[in-house]
Amino acid sequence: MFRRSLTLAGRGLAASRSRTLSSLSFLSEDHAKVYDHSTNDPERFWGDLARERIDWHQPFNTAMNCDMNAGKIRWFEGGKLNVCENVVDRHARLDPNRIAFIWEKDEPGDVERVSYGDLLESACRIGNALRARGIQRGDRVAIYMPVSPLAAASMLACARIGAVHSVVFAGFSAEALRNRIRDAEAKAVITADEGVRGGKRIPLKSIVDAALDDGACPTVGDVFVMTRTGSDVKMMHPRDVKLEEAMSEQPPTCPAESMDSEDLLYLLYTSGSTGRPKGIAHTQAGYLLYTGVTHQNAFDVRSGDIFACVADIGWITGHSHALYGPLFNGVTSVLFESVPTYPNPGRYWEMVQRLRVTQIYTAPTALRLLIKSGDSHVRKYDRSSLRILGCVGEPLNVEAWHWYHTVVGERRCTVVDTWWQTETGGIMLSPRPAPTGTQPKPGFPMLPFPGIRPLLVDSNGAEIVGNDVSGLLCIRGAWPGMARTIYGDHERFLNTYFRPYPGLYFTGDGAYRDVDGHYRITGRVDDVINVKGHRLGTAEVESALDEHPDVAEAAVVGFPHEVYGEGIYAYVILKDTFAPAGTMDDIVKSMKGIVKSKIGSFAVPEIVLVTPGLPKTRSGKIMRRILRKVAANQTDDLGDVSTLADPAVVEEIKSRHVELMKEREYAYGRKE
Ligand code: WTA
């Protein structure tokens with residue numbers, strides 16, 4: 001790659017455009033050489049790729065200007081480009097009829113195809129509609145929509161006019177949405193009348209109304225409402241406007257803003273170890289290049305592929321692999337509106353057969369759920385179109401790996417377990433590309449992508465060298481896709497990622513490096529948990545529970561869950577003034593209800609244990625280690641509890657836990 005890049009660099013874009021995708025891949029190259037070059041001379045490596053792969057309005061001066069000690073990350077400074085042009089116009093120009101999206105709606109077989117030409121027109125019309133209502137370069141626009149071509153076109157419209165999109169997963173509650181709108185000071189919201197998932201309707205417009213209620217978000221002047229179900233929704237004039245009507249009033253072309261490489265492209269809120277979600281900020285050129293190149297190489301993307309990333313566009317996986325990655329590479333992306341078990345657990349594979357999907361990208365939790373339903377749901381469909389089986393979000397356990405490989409992939413497809421984060425922008429560790437002959441290893445994302453230098457450190461920050469070792473996973477050196485800041489809180493950005501181990505990016509994950517130098521992720525080392533493939537801060541759940549009128553204090557931990565990866569376990573102390581207004585079941589139900597309304601139903605604790613106290617040190621710090629062990633049923637192995645202010649509370653918690661587990665077993669037994 002690098003030899004060719006060097007020769008191509010001066011020849012301009014005409015040469016690069018005529019290349020086929022596969023000739024731009026790392027997979028046919030000598031991997032060791034590519035990797036060595038990428039890490040020895042990242043500036044050259046990424047600079048050549050940026051010249052080769054991106055259409056620039058104005059070339060950049062400096063490829064790389066990064067100081068990891070200071071958390072200052074700048075790529076391709078001086079360059080000007082437009083991301084929408086790079087992912088849509090360039091393909092529409094060559095072949096406007098090429099299919100950009102296949103929208104697989106909630107009902108199987110209810111499909112719409114959107115060409116690159118159509119997508120360009122939609123993005124332009126929305127861009128014009130936004131501009132007509134005063135949205136300008138740099139303004140933030142919140143998007144709270146179902147997975148759909150118009151949601152994607154809305155994101156691209158923002159990119160086209162230089163506005164910053166902030167997509168909020170359409171499963172978040174009104175309050176969570178409000179907090180994100182306020183933090184981003186969004187000027188407009190784009191939503192839909194309703195969402196539809198797994199046969200159920202979600203009243204998105206009413207949720208937006210509740211979020212904006214009582215002037216809670218004074219920056220929002222406009223709400224655009226896409227019609228998904230056509231149900232009657234309340235429209236408030238002049239704030240609200242139907243998206244399709246606003247589009248029809250606008251011309252089908254829209255001049256693209258010339259953006260600086262380091263201007264913001266989007267914000268995406270994610271959970272950290274404190275209560276307040278972080279607006280992770282990504283910029284234009286670096287994100288585009290890194291996402292496009294990793295998407296192509298991790299999944300061996302070739303012209304004509306039909307790539308199905310089934311993640312919601314409200315998460316980073318949807319941003320990078322349903323939208324920006326596949327479109328940068330000019331392939332067809334399946335936008336999946338439904339859930340893996342609707343109307344039955346054969347949904348993915350029936351869709352694979354019908355749409356001739358070449359790569360599928362899902363989460364371990366979905367696989368584990370499908371494993372439980374038996375192999376017949378898979379085997380009855382033709383999966384011969386599949387080449388790559390991708391996975392992300394949490395550790396892919398060995399059993400699920402084998403099932404994916406043998407049952408789904410008939411031992412023919414490569415399983416690509418990718419490790420990355422909202423903050424990294426694109427895939428960091430993955431079995432592909434790999435040196436020739438390297439076989440994927442169950443449970444291991446395995447290898448760094450070119451340009452990525454992972455390392456393990458101990459809690460003092462000393463590097464752990466050699467193999468067959470475990471430690472905290474850090475990254476040395478910058479890469480173009482990394483986040484640039486936390487919106488409005490650069491200090492928090494530095495404190496979270498750069499200051500813990502100076503000179504390094506700290507991931508928050510632990511990892512094991514085996515005898516072959518391959519990485520396996522052991523899980524988060526902070527108070528973040530991965531539940532059903534969703535990332536959640538335990539502190540967020542705690543602060544929701546704290547708002548319940550009967551709760552004095554709450555402590556939330558994750559526990560190993562055979563389907564969800566991790567489950568949510570809440571320990572709750574009730575107020576002294578608490579006077580029961582119902583059974584304990586009712587109270588627990590109302591606590592769960594408050595989490596649902598403050599965050600969303602995916603954050604509701606599976607287990608709530610009411611306790612008279614929590615294990616605290618004499619200085620008042622909750623010893624979460626003990627709570628995690630109890631939740632994991634490891635009550636014989638609690639370690640030293642002598643430093644606790646009140647060691648007796650541990651016995652009480654243990655016995656209540658055992659009782660609760662018995663009740664649950666009984667309840668489940670009864671259900672079956
Ligand atoms: C976890 C998702 C094990 C990890 C793209 C990380 C994984 C967090 C894997 C980021 C994997 C992601 N194996 N764990 N292959 N992929 N994770 O920001 O804990 O939603 O830090 O990004 O998911 O979650 P996020």
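Indexing begins at 1, ligand by ligand and atom by atom, following the structure's order.
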Legend entry - Interfacing atoms of ligand 1 (cut-off 4.0 Å, heavy-atom, Val392): 5 (C), 16 (N)
Legend entry - Parallel, tilted or perpendicular: ring planes of Phe449 versus Trp46, cut at 30 and 60 degrees: parallel
Legend entry - Backbone N/O of Val563 and side chain of Arg368: donor-acceptor pair under 3.5 Å: yes
Legend entry - Ligand-side contact atoms (ligand 1) for residue partner Pro395, heavy atom cut-off under 4.0 Å: 3 (C), 13 (N), 14 (N)
Inset, instruction - Answer yes if the ring centres of Phe169 and Phe602 are under 6.0 angstrom apart, and no otherwise. - result: yes
Legend entry - Within-4.5 Å side-chain heavy-atom neighbours: Ile181 and Val189: yes
Inset, instruction - Could you tell me the residue and atom name of the protein heavy atom closest to atom 21 (O) of ligand 1, and the distance to it rounded to 0.1 Å? - result: Asp509 OD2, 2.6 Å
Legend entry - Which residue and heavy atom of the protein sit nearest atom 10 (C) of ligand 1, plus the separation: Trp420 O, 3.6 Å
Inset, instruction - Give the numbers and elements of all ligand 1 atoms closer than 4.0 Å to a heavy atom of Thr317. - result: 5 (C)
Legend entry - ring pair (Phe, Tyr, Trp, His ring centres under 6.0 Å) partners for Phe493, two or more places apart: His490, Tyr497, Phe498
Inset, instruction - For ligand 1, note which part of Val528 has a heavy atom under 4.0 Å away: side chain, backbone, both or neither. - result: neither
Inset, instruction - Please confirm whether Gln421 comes within less than 3.5 Å of ligand 1 when only nitrogen or oxygen atoms on both sides are compared. - result: yes
Inset, instruction - Specify the protein heavy atom at minimum distance from atom 25 (P) of ligand 1: its residue, its atom name, and the distance to 0.1 Å. - result: Thr422 OG1, 3.5 Å
Inset, instruction - Please work out whether the ring planes of His319 and Tyr266 are parallel, tilted or perpendicular, with thresholds of 30° and 60°. - result: tilted
Inset, instruction - Tell me, please, which residues at least two apart from His295 pass side chain to side chain donor-acceptor pair (under 3.5 Å). - result: Asn329
Legend entry - Ligand-residue contact atoms, ligand 1 with Ile316, heavy atoms, under 4.0 Å: 2 (C), 5 (C), 22 (O)
Inset, instruction - Give the single entry among Glu394, Met446, His319 that approaches atom 11 (C) of ligand 1 most closely by any heavy atom. - result: Glu394
Inset, instruction - Answer yes or no: is there an ion pair linking Glu423 with Arg535, defined by an N-O contact shorter than 4.0 Å? - result: yes
Inset, instruction - Check each heavy atom of Thr418 against ligand 1 and say whether those closer than 4.0 Å belong to the side chain, the backbone, both or neither. - result: backbone
Inset, instruction - Taking only heavy atoms of Asp417 into account, list the atoms of ligand 1 that are under 4.0 Å away from them. - result: 11 (C), 15 (N)
Legend entry - Which residue and heavy atom of the protein sit nearest atom 16 (N) of ligand 1, plus the separation: Gly393 N, 3.1 Å
Inset, instruction - May I ask you to check whether Thr507 has an N/O atom sitting below 3.5 Å from an N/O atom of ligand 1? - result: no
Legend entry - Cation-pi geometry met for Arg347 and Tyr342 (6.0 Å, 45°): no
Inset, instruction - Can you pull out the closest protein heavy atom to atom 24 (O) of ligand 1? Residue, atom name and distance to 0.1 Å, please. - result: Arg535 CD, 3.5 Å
Inset, instruction - Output yes when a side-chain donor or acceptor of Thr418 lies under 3.5 Å from a complementary backbone atom of Cys391, and no otherwise. - result: yes
